[in-house]
Chemist: 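My questions will all concern the structure given below.
A, B, ... follow the sequence lines: proteins, then strands. Residue 1 opens every chain.
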2 protein chains.
Amino acid sequence: MNFQNLSQESLSQIAQRLRDHGYRVTPQRMAIVEALFASSHPTAEEIHQQISRRFPMVSLATVYKTLRVLTELGIARDLKIGERNRFDGNTDPHAHLICIRCGQITDFPLSSQGVALAEEVEPQGFQMLWYDLEIYGICRQCQAKKGSSPTL
Amino acid sequence: MNFQNLSQESLSQIAQRLRDHGYRVTPQRMAIVEALFASSHPTAEEIHQQISRRFPMVSLATVYKTLRVLTELGIARDLKIGERNRFDGNTDPHAHLICIRCGQITDFPLSSQGVALAEEVEPQGFQMLWYDLEIYGICRQCQAKKGSSPTL
DNA sequence: ATGCGTGCAAATTATTTGCACGCTT
DNA sequence: AAGCGTGCAAATAATTTGCACGCAT
């Protein structure tokens with residue numbers, strides 16, 4: 001939805017964030033950051049393929065290593081959807097609408113509910129830090145089509 | 001919380017459910033079902049170990065195959081928490097409180113919110129079928145201890 | 001100049017699958 | 001009797017790791 005929002009500005013902010021934490025800013029890393037924001041919830045493999053066009057030398061291992069760094073810094077989130085891990089450049093609190101027919105994953109904003117959740121869980125003595133909400137179902141497009149079969 | 005609730009009755013109900021769907025009821029399968037309900041969100045490996053005491057011959061492959069059958073029949077749910085898959089015998093709508101210090105996973109009931117979620121998502125044209133809600137944070141016990149380090 | 005980040009290939013690990021035999025139906 | 005379910009071992013696949021060299025600092 002808002003992947004194009006990643007301006008030159010935020011790219012350099014991320015570069016600065018890497019430097020601030022003692023990480024070096026390399027062309028590979030920035031290419032991976034760009035690819036992360038350029039597609040919706042990509043797998044490591046998908047990021048690798050997308051980068052390969054312009055940077056054919058980048059290895060899949062580097063993609064994995066960089067995604068781990070980005071996740072540690074809170075720039076990316078690590079999602080467990082379907083069989084393979086996916087990565088999310090959107091760190092605002094939100095849910096994922098996952099279509100079990102076509103596999104499409106859509107962000108769905110949820111800021112106020114996040115507060116509500118924290119309040120409900122507090123009485124248990126549990127201190128909420130973050131949450132993952134995956135909503136499985138059938139998207140509008142797939143409801144229209146008739147004879148499609150599940151992919152997830 | 002409510003693992004002991006699994007009475008002889010519900011075990012035979014599950015056996016019947018297997019038969020009704022054309023699956024055979026074998027000692028291995030029932031041992032796996034019992035193990036699933038006897039522990040909280042076990043991995044396939046954990047189920048296998050627990051069973052091995054009484055049924056040393058049961059293989060890990062059989063555990064995986066059976067868990068797949070149970071999941072298909074809606075008797076178990078397949079959770080993606082941490083690095084390995086876990087299985088949940090509680091199919092009522094609920095969230096998981098996951099402590100990032102000690103790794104403990106606790107069920108948290110959420111029936112009314114489930115309806116609320118479905119209603120919020122409908123306007124998008126999305127038909128919700130089910131959801132997974134994982135709440136990460138620090139449990140009461142770990143808040144008390146001071147110098148513990150994250151495991152997740 | 002220093003040493004972190006990279007590519008490569010090998011290692012690790014969870015899960016799946018093929019096959020022949022025995023047990024549930 | 002028929003064929004599904006099982007154990008075993010091999011196959012698959014995602015992710016991680018070790019190592020030597022070059023590049024960002």
Chemist: Going by the rule side chain to side chain donor-acceptor pair (under 3.5 Å), which residues pair with A/E46 if we only count those two or more places apart in sequence or in a different chain?
Modeler: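 So A/E46 forms a side chain to side chain donor-acceptor pair (under 3.5 Å) with A/R86.
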
Chemist: Which pairs, protein N/O on one side and nucleotides 11-18 of chain C N/O on the other, fall under 3.5 Å?
Modeler:
from, atom 1, to, atom 2, distance (Å)
C/dA14, OP1, B/R84, NH1, 2.6
C/dT15, OP1, B/N85, N, 3.2
C/dT15, OP2, B/Y64, OH, 2.3
C/dT15, O5', B/Y64, OH, 3.3
C/dT16, OP1, B/R68, NH2, 2.6
C/dG18, O6, B/K65, NZ, 3.3

Chemist: How many whole angstroms separate atom CD of B/Q28 from atom C1' of D/dC4?
Modeler: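 To the nearest whole Å, that distance equals 12 Å.
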
Chemist: In whole angstroms, how far is the C1' atom of D/dA14 from the CG atom of A/D78?
Modeler: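 Nearest whole value for this atom pair: 13 Å.
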
Chemist: Quick one: salt bridge (Lys or Arg N to Asp or Glu O under 4.0 Å) pairs with a partner in residues 124-134 of chain A, sequence neighbours left out?
Modeler: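 Qualifying pairs: A/R77-A/D132.
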
Chemist: Check the phosphate of D/dG7 against B/T62, side-chain N and O only, distance under 4.0 Å to OP1 or OP2. Yes or no?
Modeler: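 Yes, B/T62 has a side-chain N/O under 4.0 Å of OP1/OP2 on D/dG7.
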
Chemist: Which atom pairs, one a donor and one an acceptor, fall under 3.5 Å between side chains of residues 58-67 of chain B and the rest of the protein, sequence neighbours left out?
Modeler:
from, atom 1, to, atom 2, distance (Å)
B/S59, OG, B/T62, N, 3.2
B/S59, OG, B/T62, OG1, 3.2
B/T66, OG1, B/T62, O, 3.0

Chemist: Rounded off to whole Å, could you give me the CZ-to-C1' distance for the B/F55 and D/dT6 pair?
Modeler: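 Answer to the nearest Å: 14 Å.
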
Chemist: My understanding is that only residues two or more places apart in sequence, or in another chain, count here; which of them pass side-chain contact (heavy atoms from CB on, under 4.5 Å) with B/M30?
Modeler: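 B/M30 satisfies side-chain contact (heavy atoms from CB on, under 4.5 Å) with B/L11, B/A15, B/L18, B/V25 once adjacent residues are dropped.
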
Chemist: Starting from A/F108, walk the hydrophobic network (Ile, Leu, Val, Met, Phe, Trp, Tyr; side-chain heavy atoms closer than 4.5 Å) and list everyone else you reach, by chain and number.
Modeler: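 Via sub-4.5 Å side-chain contacts, A/F108 links to A/L97, A/L110, A/L117, A/V121, A/F126, A/M128, A/Y131, A/L133, A/I135, B/L97, B/F108, B/L110, B/L117, B/V121, B/F126, B/M128, B/Y131, B/L133, B/I135.
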
Chemist: Does any donor atom in the side chain of B/D107 or B/H41 lie under 3.5 Å from an acceptor atom in the other side chain?
Modeler: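 Yes - a donor-acceptor pair under 3.5 Å links their side chains.
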
Chemist: To the nearest 0.5 Å, tell me how far B/I138 CD1 sits from B/R101 CZ.
Modeler: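 It is 4.0 Å, given to the nearest 0.5 Å.
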
Chemist: Taking only side-chain N and O atoms of B/S59, does any of them lie within less than 4.0 angstrom of OP1 or OP2 on D/dC8?
Modeler: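 No, B/S59 has no side-chain N/O under 4.0 Å of OP1/OP2 on D/dC8.
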
Chemist: Can you name the closest pair of heavy atoms from A/K80 and B/G82 and give their distance?
Modeler: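 A/K80 and B/G82 have their closest heavy atoms at CE-O, 3.1 Å.
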
Chemist: I need the full list of salt bridge (Lys or Arg N to Asp or Glu O under 4.0 Å) pairs touching residues 20-30 of chain B, with sequence neighbours left out, sorted by first then second residue.
Modeler: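 Every candidate salt bridge (Lys or Arg N to Asp or Glu O under 4.0 Å) pair involving residues 20-30 of chain B fails, so no pair, neighbours aside, qualifies.
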
Chemist: Which atoms form the tightest heavy-atom contact between A/C142 and A/C99, and what is the distance?
Modeler: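 Residues A/C142 and A/C99, closest heavy atoms: SG-SG, 3.8 Å.
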
Chemist: Is there a side chain to side chain contact (heavy atoms under 4.5 Å, CB included) between A/L70 and A/Y23? Walk through the geometry before answering.
Modeler: CA-CA 10 Å; A/L70 294 175; A/Y23 293 105; over 6 Å; no

Chemist: Just grab all the side chain to side chain donor-acceptor pair (under 3.5 Å) pairs involving residues 114-127 of chain A, residues at least two apart or on different chains.
Modeler: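 Found A/E120-B/Q113.
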
Chemist: Rounded to whole angstrom units, what separation is found between the NZ atom of A/K80 and the P atom of D/dT15?
Modeler: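 For the pair A/K80 NZ and D/dT15 P, the rounded distance is 8 Å.
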
Chemist: Going by the rule side-chain contact (heavy atoms from CB on, under 4.5 Å), which residues pair with B/T71 if we only count those two or more places apart in sequence or in a different chain?
Modeler: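 With sequence neighbours excluded, B/T71 shows a side-chain contact (heavy atoms from CB on, under 4.5 Å) to B/A76, B/D78, B/F87, given in chain and number order.
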
Chemist: Tell me: CZ of B/R29 to P of D/dG7, nearest whole Å?
Modeler: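 These atoms are roughly 11 Å apart.
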
Chemist: Heavy atoms under 4.0 Å is the rule here; annotate nucleotides 20-25 of chain C 5' to 3' with B where the base is hit, S where only the sugar-phosphate is, and - elsewhere.
Modeler: ----BS

Chemist: Taking NE2 from A/H48 and C1' from D/dT15, how many angstroms apart are they, rounded to a whole number?
Modeler: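 Taking NE2 of A/H48 and C1' of D/dT15, I get 14 Å after rounding.
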
Chemist: State, to the nearest 10°, the angle formed by the axis through the first five base pairs of the helix from C/dA1-D/dT25 to C/dT25-D/dA1 and the axis through its last five.
Modeler: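 Angle reported: 40°, given to the nearest ten degrees.
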
Chemist: Using a 4.0 Å cut-off on heavy atoms, which residues in residues 69-76 of chain B reach DNA chain C? List them by number, or say none.
Modeler: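 None - not one residue of the stretch has a heavy atom sitting under 4.0 Å from the strand.
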
